[in-house]
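Contents: one structure, followed by commentary.
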Amino acid sequence: MRLLGRLDADAFDAAVSAFLQARAADLDTEKARWQAVAVDGKQLRGSRAADGKAVWLLAAMDHAGTVLAQRQIDTRSNETPAFIPLLDGLSLENAVVTADAAHTQHANGLWLCEQAIHYIAVVKGNHPGLLKQLKELPWADVALDHKDRTRGRGRIEVRHLKTAAFRHLDYPGARQAPRVMRWRKDLTSNKLTIERLYFVTSLPPGAASGARIAPPRP
C-alpha cells in the first residue's frame with residue numbers, strides 16, 4: 001500500500017495499459033477491420049481523494065476488455081475536458097470510438113476527425129438542434145438494417161436498427177445517422193416502454209462488407 005501510494009498514478013496507468021495492449025496484440029491471431037473503443041467514466045467505490053470526495057476515473061477500453069488508457073478526473077471538474085487528453089497518444093488506427101452523450105461535443109468530434117479516428121456518438125438533449133434534425137429524418141422510408149430480440153432479467157427486448165446517410169448533419173465529420181428503436185416489456189407488470197436512441201457516425205456508407213455501418217450487428 002505504501003509503495004502504491006508513492007507511485008505517479010498516471011505513469012503507472014500508462015505502464016499497465018501499454019503492457020495490456022502489447023499482450024492483447026500478441027494474442028490476436030487476426031486483426032479485425034475495426035477496433036471498437038469505448039470511453040466511459042466510473043466512480044471507484046470506497047475511494048477518497050485528498051478533499052474527501054470519491055475518486056472518478058475516465059477510461060478507454062476495447063471490446064475485448066483491455067483498458068487502453070485511464071485518467072483521474074479532477075474533483076472540481078467533470079469527464080468532458082478529459083476526453084481528448086485520454087485518447088491523445090494512443091494508437092487508434094482503424095478505431096471506432098464510442099462514448100455517452102456527455103462527450104458528444106463539437107470539439108471532440110473535430111479532434112477525432114483530425115486524427116482520422118472514426119466515432120459513433122450518442123445524441124440527446126444536450127444537442128437540441130442536432131437531435132431535432134435527426135428526429136425529423138424520413139425514418140419511415142429508411143430500410144431496416146438489423147433487428148434483435150432478447151429475453152432475460154424478467155423482460156423481453158426488441159431492437160430495430162436503421163441507418164440514414166445524410167450530407168448535412170450538424171456535427172464534425174458526420175456521414176450517417178443510426179437510430180435504434182427499442183421495445184421493452186416487463187414480464188412481471190406487463191408494462192411496455194418504447195425508446196428511440198439517435199446517433200451520428202463518421203463511418204461512411206459501405207464501410208465494410210457493403211453494409212451501412214460496418215456491418216450493423218458489430
Side-chain angles (χ1 to χ4, degrees), residues 1-28 31-32 34-128 130-131 171-174 180 197-203 218:
M1 183 181 68
R2 290 192 295 271
L3 171 62
L4 291 174
R6 294 199 300 270
L7 293 177
D8 181 315
D10 288 335
F12 186 58
D13 271 342
V16 172
S17 296
F19 165 74
L20 291 174
Q21 289 180 67
R23 183 173 181 270
D26 289 341
L27 293 175
D28 280 347
K31 183 68 173 177
W34 302 109
Q35 177 193 19
V37 176
V39 174
D40 196 14
K42 295 295 178 187
Q43 188 182 81
L44 298 185
R45 183 181 298 176
S47 64
R48 290 293 179 270
D51 59 4
K53 295 182 179 180
V55 174
W56 195 275
L57 297 179
L58 185 67
M61 185 177 73
D62 69 19
H63 284 204
T66 301
V67 176
L68 306 177
Q70 187 171 259
R71 292 179 69 89
Q72 183 173 339
I73 304 302
D74 192 317
T75 56
R76 297 165 296 180
S77 183
N78 56 50
E79 295 178 18
T80 305
F83 180 87
I84 293 175
L86 174 74
L87 298 177
D88 194 18
L90 291 180
S91 177
L92 294 176
E93 183 181 359
N94 296 329
V96 182
V97 173
T98 65
D100 62 28
H103 298 292
T104 303
Q105 306 287 338
H106 275 68
N108 292 344
L110 184 61
W111 182 84
L112 290 170
C113 289
E114 290 172 347
Q115 309 303 312
I117 301 169
H118 283 296
Y119 64 80
I120 301 175
V122 185
V123 180
K124 291 187 176 179
N126 58 330
H127 278 279
L130 180 57
L131 181 60
Y171 196 77
V180 173
L197 305 173
Y198 296 92
F199 307 83
V200 289
T201 178
S202 59
L203 286 168

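Treat the numbers as computed from the prediction; the structure is a model and nothing was measured.
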What's the spacing between L44 CG and L57 CG if we round to 0.5 Å? 4.0 Å

Do V180 and F199 touch side chain to side chain, with heavy atoms closer than 4.5 Å? yes

H103 and L58 have their tightest heavy-atom pair at NE2-CD1, 4.0 Å

Strictly distance-based, threshold 3.5 Å: is any side-chain N or O of T201 a donor or acceptor partner for the main-chain N or O of L203? yes

So, for A60 and L90, which heavy atoms are closest and what is the spacing to 0.1 Å? CB-CD1, 4.5 Å

How far does CD of E93 sit from CD of Q35, to the nearest 0.5 angstrom? 9.5 Å

Parallel, tilted or perpendicular: ring planes of Y171 versus H127, cut at 30 and 60 degrees: perpendicular

Of all heavy-atom pairs linking N78 and T80, the shortest is OD1-N, 3.0 Å

Value for CD1 (I73) from CD (Q43), rounded to nearest 0.5 Å, stands at 12.5 Å

If you take all heavy atoms of R48 and V55, which pair is closest and at what distance? C-CG2, 4.1 Å

Using residues 110-120 as the side-chain source, report each donor-acceptor pair under 3.5 Å to any protein atom, sequence neighbours left out, with the distance given to one decimal.
residue: H118; atom: ND1; partner: S202; partner atom: O; Å: 3.4
residue: H118; atom: ND1; partner: S202; partner atom: OG; Å: 2.8
residue: Y119; atom: OH; partner: P172; partner atom: O; Å: 2.5
residue: Y119; atom: OH; partner: A174; partner atom: N; Å: 3.1

Quick one: salt bridge (charged side-chain N to carboxylate O under 4.0 Å, His left out) partners of D40, sequence neighbours excluded? K42

Side chains of Q70 and D13: donor-acceptor distance under 3.5 Å anywhere? yes

Spacing of Q72 atom CD and S47 atom OG [to the nearest 0.5 Å]: 8.0 Å

CH2-OG distance between W56 and S77, expressed to the nearest 0.5 angstrom: 12.5 Å

Heavy-atom check, side chain of T98 versus side chain of V37, under 4.5 Å: no

Run K124 and D100 through side chain to side chain contact (heavy atoms under 4.5 Å, CB included) and show every step you take. CA-CA 9 Å; K124 291 187 176 179; D100 62 28; over 6 Å; no

Would the number of heavy atoms belonging to other residues, nucleotides or ligands and lying under 6.0 Å from CZ of R45 be above 12? no

State, to 0.1 Å, how close E79 and G41 come at their nearest heavy-atom pair, and which atoms those are. OE2-CA, 3.3 Å

Verify, without hydrogens or angle tests, whether T104 (side chain) and V122 (backbone) share a donor-acceptor contact under 3.5 angstrom. yes

Measuring from L68:CG to L87:CG, what's the distance to the nearest 0.5 Å? 9.0 Å

